[in-house]
Every structure is written in structure tokens, then in C-alpha cells.
Amino acid sequence: MGTPSNVLDYADQAVFLAEQATGTTNLLQCVWMYDRPVDAEALGRFHRNLASGRLSRRIERSAIPFGRHRWVSAADTAELEISPARPRADVEGWLAEQSRTRLDCVDGPGWHLALLPLSDGGAALSLVISHCLTDGVGLCMAIAEAASGAGAGVAWPPARSRSRCAAVREDLGRSARDLPAVGRGLRAAVAMARRGSGKPKTTPASLEYPHERLTLPTATAVVDAAEWDAAVERLGGTGNALVAGLAADLGRRLGRVHPADGTVSLSLPVADRAEDETRANAVSSIDVVVDPTGAATDLRKIRAAIKAALTHSDDVRDERWEVIPLIPLISRRAFRRMLAAATGQAGSIVSSNLGDVEATVNRPDGKDADHFVMRPLYPGVTREVMHKADGVLAIGSGRINGEVFLVFLSYQPGRNNSDHELRQTVSELLADFSLTWSTPWPAA
């Protein structure tokens, strides 16, 4: 990889500023499960390769309040953590502990790798990383390169390598060059505001304990890939359509439907990452409104809706991207007010499918793990943030090592939000889709 501009993309700065505004860390956690001991020497090499690869960077704030931030090199990396051995039944609790690891994209560390030997001779491996550094596809690329020993990181400049005067001068020049895009963003924002001015405004009800930190319910399942393919064929869908069908039906069960017609809104991330991509979040999204009724028996309508939305996105640029050059100018208070709009349509359900994950991702110590899962987490999110965003429902999926993993994250305002309730609902959901599933580690 060469040495491109180290100025953050607008979308990456948006992710970073949103975290700063809400105090919520948006994480990805990769989990490998083993029924054998892990090769410690090979794992140490994997850790060193991660530290010198795509993830060897941090964010340096602009020298001016309204400037674009920059990527700089990460001078040091957190050591590989090896925890004392525990029973396999404690894996979920240990993973939750790992999700609470302090990560900092400015001062470091931005990611953390930890190994848990199991008392039955197996092991669990966790990698937690801030979404400010990478998205799911980028993380898979970084892991595959580190596992194979291929690839190297960009030679980012050292932190604080610019003098104060040089930093101010460069950042002012960057902002001046961005002015045409800012102007277009302002015009787009005004147009969007005018179109929305006639919509009824709602005032959130008084919220008890708004600053309480929440642990969002999660559930994880794996399905045999051959059985998954058979379900896709039987239901007339695709892999994306099956994940979307599961998301839509789960949204129906959890009450995330439009009252007028019972439809649900899905938000499907679409990867836009080149091999030499340096953006942290090289992804766009499409919004699809579907009828969840009958998804468990026929996916053709959902498949057609996704196809139509993808075609439309190729022809018409999402207007939300037109306003993104305004991101560096927005205050933390404004970010908090704009939270629901920034994440898409309120009440939407995220349906994210990585598709086929490169086999090397499953080999941090050189040999295949028994299971691999990547899941989104929001440690430290407050009750206020969740209610302003109308809660969250997200499904993530990927295919690797002969399995399809499914991860579910949910918080529904006004409901009993518990791991037990979500896992019971997911169990019923998968059964209705005639999918035989198992958990990669014991549920807590």
C-alpha cells in the first residue's frame, strides 16, 4: 500500500464525532472458539502482524475546531492478554468483560486481542476494535493479512509530527478546499429541512434514569452452510434475502412495524471497499420497506425489493451523503439532537451480511478454529441515546468454515429487554424458518 492523504473521510469523522457526542463506543468483536489448545507462538506472531498492518493507526484531532481530523501511526499497541483458564460455561461472561475493554482511537489502544484457555482443553479468542478504525469488511482483510503474514500497513505520519503553526495552516487550507462541498451540503440540508418541516413533531416522554448505562441484549447462532443454502433455495431467495427475511420477521415479533400497514424498514449496508482502501468505514446503505408476513415461507418479494433498491441506489445518490461535508462543522450538542436522523430512518432494522468470509480469517494461529463470529456491540450506551434512536435491532451474518453465523443485537424502548427474551424469540424465529442452529459457546 502507498501513502495516501491522511485526512479522514467525512464518514469516518462522523463516526468518531458521534462517539464523542454520545459517549458510546461502537465496537466490533471477533470471537474464535477452539476445541483444542491454541498455538501460542503463532498467535503471538498474529498479534504482531495486526499491530503492523491495516490497524496500525490512530486519529489525531484537527488543529482548528472545524477542521478535518487526520490518521497518524500508532506508536504502541496493547499487549496480547492471556487470561487464567475458566470453564467453557464462563465464555459469555468473559466475552462481555472483553467488550468493556477501554479503547481510545486518539490515545490508544484502538483494539485489543485476548486469549482465554478453557479448562476442558479448548480456548476462546477475542478481538475487540473500535468502528472508528475499521468496518467489518476492512477488519476481515486485516485479520486475513495478519494470519497469512501478507500485507503491511500504510506508513502514516507520527502523531504530533506537525508544528502548531504548520498544523493550523494545513488544516485551514484543507477547509478552504472543502468549501464548495460544504456549500452543496448546505443547500441539500436546507432542502431536506423544508421537505420535513410539515411533518408532525413528537416530544419524547419524560425518561427515568436517562444516563443509565445499558448492556444491550445479544444472541448468537451458527447454522450449517449446506442447510442454509437449502433454505435459500427452498424460499426462492438469496443469502442477503434470507438474512433480510430473518431481520424483517424478527422486527415483526419485536413490534418494530409501521402501524399503518405492518411493514418494516430495513437498512442494508453495502460494502464499497477497494483492496488499497484506507477509509475506516467504506460502506453505504440502502433502505428497503418490506412486508414481513410470510417471510418464513417465501422470500421472493423481499428479494425483489432488495434488487429494486440496489438498482435505485445506482441511479440516485442518497441525499444524506450530500450533507456529509457539514460533519466537521457540527457541534456535539447538534450531533446528539441529530442522532436518529444520522442513523437512518427511525425504527429501521439493520440487516448486515458479510457473505463469504475469507478462510484465512478463521486461522489466527495457522489452523482453523472450530467457530468464528463477528458481532457489533455498543458498550456504555445510555438509556437516553437508545430512546432518542428509537432503540436498535441489528442482525449480522457471515459464512466461513462450513457455517453461517448469525448475531442479533436488540433494545426496544418500553419492552422487557433481556438476553433470555431475545434468545427465546430468536429460537422461535429460526425454528419457523426450519433452520437447525446451535450456539458457538454456552449461553450465560
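When a residue number appears, it is its place in the shown sequence, counting from 1.
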- Could you give the distance from CD1 (Ile349) to CG (Asp287), rounded to the nearest 0.5 Å? 12.0 Å

- Approximate separation, where rounding is to 0.5 Å, of Leu116 CG and Leu118 CG: 5.0 Å

- Item | Non-hydrogen side-chain atoms of Cys30 and Ile143 separated by less than 4.5 Å | yes

- Say you draw a straight line from CG of Leu409 to CZ of Arg375; how long is it, rounded to the nearest 0.5 Å? 9.5 Å

- Identify whether the distance between the nearest side-chain nitrogen and carboxylate oxygen of Arg88 and Asp35 falls below 4.0 Å. yes

- Is the backbone N or O of Ser5 less than 3.5 Å from a side-chain atom of Arg70, with the two atoms forming a donor-acceptor pair by type? no

- Message: Within a 6.0 Å radius of atom CZ on Arg164, are there more than 12 heavy atoms belonging to other residues, nucleotides or ligands?
- Response: no

- Query: Salt-bridged, Glu275 to Arg54, with N to O below 4.0 Å?
  - Reply: yes

- Message: Quick one: does any side-chain atom of Arg279 pair with a main-chain N or O of Asp272 as donor and acceptor, under 3.5 Å?
- Response: yes

- Is Asp229 salt-bridged to Arg399, cutoff N-O under 4.0 Å? yes

- Task: Compare all side-chain heavy atoms of Thr278 with those of Trp71 and state whether any distance is below 4.5 angstrom.
- Result: no

- Item | Side chain Asp12, main chain Ala280, donor-acceptor under 3.5 Å | yes

- Message: Tell me whether the count of non-hydrogen atoms from other residues, nucleotides or ligands lying under 6.0 Å of CD in Glu79 goes above 12.
- Response: no

- Item | Short side-chain to backbone donor-acceptor contact, Gln412 and Val392, under 3.5 Å | yes

- Can any side-chain N or O of Ser427 pair as donor or acceptor with the backbone N or O of Arg423 at less than 3.5 Å? no

- Leu103 versus Leu133: any side-chain heavy-atom pair under 4.5 Å? no

- Message: Assess the residue pair Arg174 and Asp171 against the criterion (salt bridge (charged side-chain N to carboxylate O under 4.0 Å, His left out)); give the C-alpha distance rounded to whole Å, side-chain angles, the decisive distance to 0.1 Å, and a yes or no.
- Response: CA-CA 5 Å; Arg174 175 77 260 178; Asp171 291 358; over 6 Å; no

- Message: Set out, in order, the CA-CA distance, both residues' side-chain angles and the distance that settles salt bridge (charged side-chain N to carboxylate O under 4.0 Å, His left out) for Glu384 and Lys388, then state yes or no.
- Response: CA-CA 6 Å; Glu384 179 184 37; Lys388 283 185 176 180; 3.6 Å; yes

- Would you mind reporting whether Leu435 and Glu227 have side-chain heavy atoms less than 4.5 Å apart? yes

- Item | Side-chain donor or acceptor of Gln98 paired with backbone N/O of Leu125 under 3.5 Å | no

- Item | Asp419 side chain vs Thr218 backbone, donor-acceptor pair below 3.5 Å | yes

- Query: Is a side-chain donor or acceptor of Ser73 paired with a backbone partner of Ala75 at a separation under 3.5 angstrom?
  - Reply: no

- Item | Close side-chain approach of Pro328 to Gln13, heavy-atom, < 4.5 Å | yes

- Query: Hey, are the side chains of Tyr411 and Thr215 touching, using non-hydrogen atoms and a 4.5 Å cut-off?
  - Reply: no

- Can you check whether Trp441 reaches Leu95 side chain to side chain, under 4.5 Å on heavy atoms? yes

- Report yes if the side chains of Leu310 and Ile286 come closer than 4.5 Å at any heavy-atom pair, otherwise no. yes

- Exam field: side chain Trp32 to backbone Val361, donor-acceptor pair closer than 3.5 Å: yes

- Message: Is it the case that the side chain of His131 and the backbone of Leu27 share a donor-acceptor pair, with hydrogens and angles ignored and the cut-off at 3.5 Å?
- Response: no

